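To start, the structure under review is shown below, and the notes come after it.
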Amino acid sequence: MTVVALLSVAPVIEDSMAGEVAKAVDALEEHDVSYETNPMGTVIEAETTDDLFAAAQAAHEAVDADRVSTVLKIDDKRTRDVRASEKVDAVEERLGRPARSDE
């Protein structure tokens with residue numbers, strides 16, 4: 001089984017969040033997951049929900065702030081393995097082009 005999720009972890013602060021977000025992303029390295037960070041969060045792939053939740057918890061706890069906002073959206077397709085890249089490939093196939101602008 002492959003579980004795909006979008007994780008967003010951020011301190012609730014006035015200044016730049018980049019340093020604390022980097023700590024959250026770095027915490028994922030200690031877990032058996034693959035991930036890719038984008039401007040809105042980090043897409044994580046794991047073999048089990050246990051692996052996914054452990055990685056998300058580690059990312060959440062890595063942020064050093066008085067207040068931390070974490071959002072986790074999970075796609076747990078239980079009938080077959082579907083990688084995150086396959087989902088993008090399917091959309092691009094329908095579009096007939098990459099699913100991004102040329103900018």
Side-chain angles (χ1 to χ4, degrees):
M1 162 179 58
T2 300
V3 183
V4 179
L6 176 63
L7 174 67
S8 173
V9 179
V12 180
I13 58 175
E14 294 287 326
D15 297 327
S16 173
M17 295 183 282
E20 294 303 318
V21 171
K23 290 178 187 178
V25 172
D26 194 43
L28 298 174
E29 283 294 313
E30 301 300 317
H31 297 272
D32 189 21
V33 298
S34 61
Y35 63 90
E36 182 177 344
T37 299
N38 63 56
M40 298 299 292
T42 299
V43 176
I44 302 173
E45 292 183 73
E47 289 301 315
T48 68
T49 54
D50 287 343
D51 293 338
L52 177 71
F53 284 123
Q57 181 175 358
H60 176 82
E61 291 175 355
V63 175
D64 183 24
D66 291 335
R67 186 174 176 191
V68 180
S69 174
T70 298
V71 177
L72 181 62
K73 181 179 180 180
I74 300 170
D75 183 357
D76 182 11
K77 192 163 193 172
R78 297 173 178 173
T79 58
R80 64 185 180 99
D81 284 343
V82 178
R83 312 277 322 163
S85 61
E86 292 176 71
K87 293 170 178 270
V88 175
D89 291 346
V91 171
E92 290 180 339
E93 184 178 321
R94 295 281 179 120
L95 283 171
R97 62 175 176 80
R100 60 186 169 276
S101 68
D102 290 332
E103 288 186 50

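Just so you know, these numbers use all the heavy atoms, side chains as well, and skip hydrogens, waters and symmetry mates. All figures in this text were calculated on a predicted structure; none of them were measured in a lab.
Residue E92 qualifies as enclosed at atom CD: its count of foreign heavy atoms under 6.0 Å is above 12. For D75, the CG atom is densely surrounded, since the number of other residues' heavy atoms within 6.0 Å is greater than 12.
Every side chain to side chain donor-acceptor pair (under 3.5 Å) that T70 has, sequence neighbours left out, goes to H60. Considering only residues two or more places apart in sequence or on other chains, I74 meets the side-chain contact (heavy atoms from CB on, under 4.5 Å) condition with V3, A5, L52, F53, L72, D76. Residues that satisfy the side-chain contact (heavy atoms from CB on, under 4.5 Å) test with A65, not counting sequence neighbours, are P11, V63, V68.
Residue pairs satisfying the salt bridge (Lys or Arg N to Asp or Glu O under 4.0 Å) criterion with at least one member in residues 59-74, sequence neighbours excluded, are absent. For residues 12-23, every residue pair satisfying the salt bridge (Lys or Arg N to Asp or Glu O under 4.0 Å) rule, not counting sequence neighbours, is listed here: E20-K23. For residues 34-46, the set of pairs meeting the salt bridge (Lys or Arg N to Asp or Glu O under 4.0 Å) definition, not counting sequence neighbours, comprises E45-R83.
Each of V43 and Y35 belongs to its own hydrophobic cluster when Ile, Leu, Val, Met, Phe, Trp and Tyr are linked at side-chain heavy-atom distances under 4.5 angstrom.
To the nearest 0.5 Å, atom CD of residue E93 and atom CD of residue E86 are 11.5 Å apart.
Looking at heavy atoms from C-beta onward, I44 lies out of side-chain contact with H31 at the 4.5 angstrom threshold.
In terms of heavy atoms, A27 sits closest to A58 at CB-O, 3.7 Å. Minimum interatomic distance between D51 and A46 (heavy atoms only, all atoms of both residues): CB-CB, 3.9 Å.
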